[in-house]
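Residues take their numbers from the sequence shown, with the count starting at 1.
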Amino acid sequence: MSLSKSVDGGNLHAASQEILSAATTALDITRASIWLLRDDHIFCEFLLEQGTAFPSLGIELSRHDFPSYFAAIDSEQAIIADDATLHPATFEFTENYLKPLNIKSMLDLPIRHLGKMIGVICCEHQGEEIKQWSDEEVTFVLTLAEIYGRAYNAKSRCDYESELKTLNLNLEKVVEERTFELEQSLEALKASQESLIESEKFAAFGELIKGISHELNTPFGIVITSISHALEEVKSGAIALESGRLTKTHLESFFEEQQKTLNLAENNIKKASRLVESFKQVSMVSLNDTPEPFNITLFCKQVTDTVLPMANKHGVQLVLNFEEELEVTSQQGLLAQVLIQLVQNALTHAFKDDHLDKVITIGITNKQNTVELIFEDNGKGIDNSLHKKVFDPFFTTTRNDGSTGLGLSLVSNIVHHKLGGRIVLTDPQERGCKFIISLPNLK
């Protein structure tokens, strides 16, 4: 038996049948079984009777019904019952088990795995005569119990190896997918950088790259650290498996730790992807928009009508001031984006909750070959010391509230590099912010 391939090969079914067959043959009995403990129950894992195998019969015995027997196995000692109907550990089985099956004698030896008792090998003599169990027979069955413990360990090891192999495959796939997403994000960043380089007049290019690097450093660093941690955990698990120290508890803890690690990596990948998308919007806006003649007064009215529901939600009044209707030639899509972004920026940052009479005013004036759009709010304003920074990429005073600092940078980029105009932040007469946008009339 000790040389059987089934024992160390992880085939617990075949090993169980071989062990019980050896027991029935050597002890000259017709019935032997393997019972495994589970909480306050013990269930029949494998039965061999009259040479016929019955795996997993579903038979269970409870501590509540057979307290004397469970008290005996709690001692982890051999139960040698020559007369099972009279033995203090087995007499409880007389009416419901021993008599119906014509069992006269029982021999139960403990099965251990990793030093813990997990069940018993039960040898039963059927017939009219009582069987006197010899010391040699007890020793032999004890040896079989040790062999079963070895087979049980081999089965557990094979199961762990299979689960670990599956986990490794899944982990490698997840790491590969996350790495691909990182590479895609970096490629998108590189493409956006190349587009910015082509614009010779993009004065904030250096600050933009500096801001991008700073903003991406945290999520990318977390992702790399998470992946490295996951790989180290896999390596440690493999070492524990090879040394035979890997238990089910360790494996469950390993699965839980990897799930947390991969979730952390995934969340930061998404954060980095959103940041790259915002960056692309700053550097590549409406490239297919071409200059067309249009009535800028009516156009501004259409834009304000579009954002009016958003302003109403914040309790803000939108006012459009103009002296005359003006015809200009410019890029409507980009100009709409500028006005909408300024409105959104004001709604987000300009007004406190208790602010009364919230007003945003858009004025239009004509100065020779230039059209001026004056965007003004009566909110809390921006400190004079920050006026030179508000158009810098990623500059914001409310980062803790989720702001990225790209709104006014996007506006500045469109006005200067796409519309060929200029935008400045000036001090209003009373309070709030005042942006003056000067656009060339291309007619």
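Scanning all heavy atoms of the two residues, the minimum distance from A72 to I79 falls at CB-CD1, 3.8 Å. Nearest approach of L20 to A32, heavy atoms of both residues: CD1-O, 3.7 Å. In terms of heavy atoms, T297 sits closest to E325 at OG1-CA, 3.3 Å. When all heavy atoms of C123 and A23 are compared, the closest pair comes out as SG-CB, 4.3 Å. Considering every non-hydrogen atom in both A14 and S6, the closest pair reads CB-OG, 3.5 Å. Between H229 and T261, the shortest heavy-atom distance links the atoms CD2-OG1, 3.4 Å.
Side chains of I360 and Q317 form no contact here, defined as non-hydrogen atoms less than 4.5 Å apart. F220 places a side-chain heavy atom less than 4.5 Å from the side chain of L182. Proximity of I111 to M117: side-chain heavy atoms (C-beta onward) are nowhere separated by under 4.5 Å. A heavy-atom distance below 4.5 Å is found between the side chains of D392 and K389. With contacts defined as side-chain heavy-atom distances shorter than 4.5 Å, the pair S330/L419 qualifies. Contact annotation: the side chain of C433 never approaches that of T426 to less than 4.5 Å [non-hydrogen atoms, C-beta and beyond]. Residues V359 and E376 fail the side-chain proximity criterion, which asks for heavy atoms closer than 4.5 Å. Counting heavy atoms from C-beta outward, I437 and I423 have side chains that approach closer than 4.5 Å.
Side-chain contact of S62 with D65: a donor-acceptor pair under 3.5 Å is present, judged by distance alone. Side-chain contact of N263 with Q259: a donor-acceptor pair under 3.5 Å is present, judged by distance alone.
Note that the CG atom of L439 and the CD atom of Q331 stand 10.0 Å from one another [nearest 0.5 Å]. The CD atom of E181 lies 7.0 Å from the CD atom of E177; values are rounded to the nearest 0.5 Å. Atom CD1 of residue I364 and atom CZ of residue F299 lie 10.0 Å apart, to the nearest 0.5 angstrom. Going from atom CG of L47 over to atom CD of Q17 covers 11.0 Å, rounded to the nearest 0.5 Å. Rounding to the nearest 0.5 Å places CD of Q344 at 9.0 Å from NE2 of H314. Here the straight-line distance linking atom OG of S226 with atom CD of E266 works out to 11.5 Å at 0.5 Å rounding.
No side-chain donor-acceptor contact under 3.5 Å links H113 to the backbone of Y152. A distance-only check finds a donor-acceptor pair linking the side chain of T304 to the backbone of K301 [under 3.5 Å]. The main-chain N or O of S68 is found under 3.5 Å from a side-chain atom of E92 such that the two form a donor-acceptor pair. The main-chain N or O of H41 is never found under 3.5 Å from a side-chain atom of D39 such that the two would form a donor-acceptor pair. The main-chain N or O of V175 is found under 3.5 Å from a side-chain atom of T179 such that the two form a donor-acceptor pair. The closest donor-acceptor contact from the side chain of R431 to the backbone of N378 lies under 3.5 Å.
Applying side chain to side chain contact (heavy atoms under 4.5 Å, CB included) to V303 and the options I362, L335, L339 leaves one that passes, L339. Evaluated for a side chain to side chain contact (heavy atoms under 4.5 Å, CB included) with F435, the options L408, V424, V415 yield exactly one hit, L408.
Y69 and F93 have their aromatic ring centers within a separation under 6.0 angstrom.
Aromatic ring orientation, W35 versus Y97: perpendicular (interplanar angle above 60°, classes split at 30° and 60°).
Shown here is D383, whose CG atom has more than 12 heavy atoms of other residues, nucleotides or ligands within 6.0 Å.
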key: Evaluation steps, side chain to side chain contact (heavy atoms under 4.5 Å, CB included), between I42 and L36   = CA-CA 5 Å; I42 188 167; L36 298 180; 5.9 Å; no
task = Tell me, with the steps shown, if F391 and H416 meet ring pair (Phe, Tyr, Trp, His ring centres under 6.0 Å).
result = CA-CA 11 Å; F391 298 114; H416 284 278; 7.5 Å; no
query = Going through the distances and angles, do L231 and K235 end up as a side chain to side chain contact (heavy atoms under 4.5 Å, CB included)?
reply = CA-CA 6 Å; L231 292 175; K235 183 178 178 181; over 6 Å; no
Criterion side chain to side chain contact (heavy atoms under 4.5 Å, CB included) on F351 and D377, from CA distance to verdict = CA-CA 9 Å; F351 304 105; D377 68 66; 4.0 Å; yes
task = Given side chain to side chain contact (heavy atoms under 4.5 Å, CB included), test Q258 with L171 step by step and report yes or no.
result = CA-CA 8 Å; Q258 296 313 302; L171 183 59; 4.2 Å; yes
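Checked for salt-bridge contact, K260 and E256 meet the test: a charged N lies under 4.0 Å from a carboxylate O. Using a cut-off of 4.0 Å between Lys/Arg side-chain N and Asp/Glu carboxylate O, E76 and R112 are scored as salt-bridged. Between R38 and E60 a salt bridge is recorded (basic side-chain N to carboxylate O distance below 4.0 Å). At a threshold of 4.0 Å, the pair R63-D74 counts as salt-bridged, since one of the basic side-chain nitrogens sits closer than that to a carboxylate oxygen.
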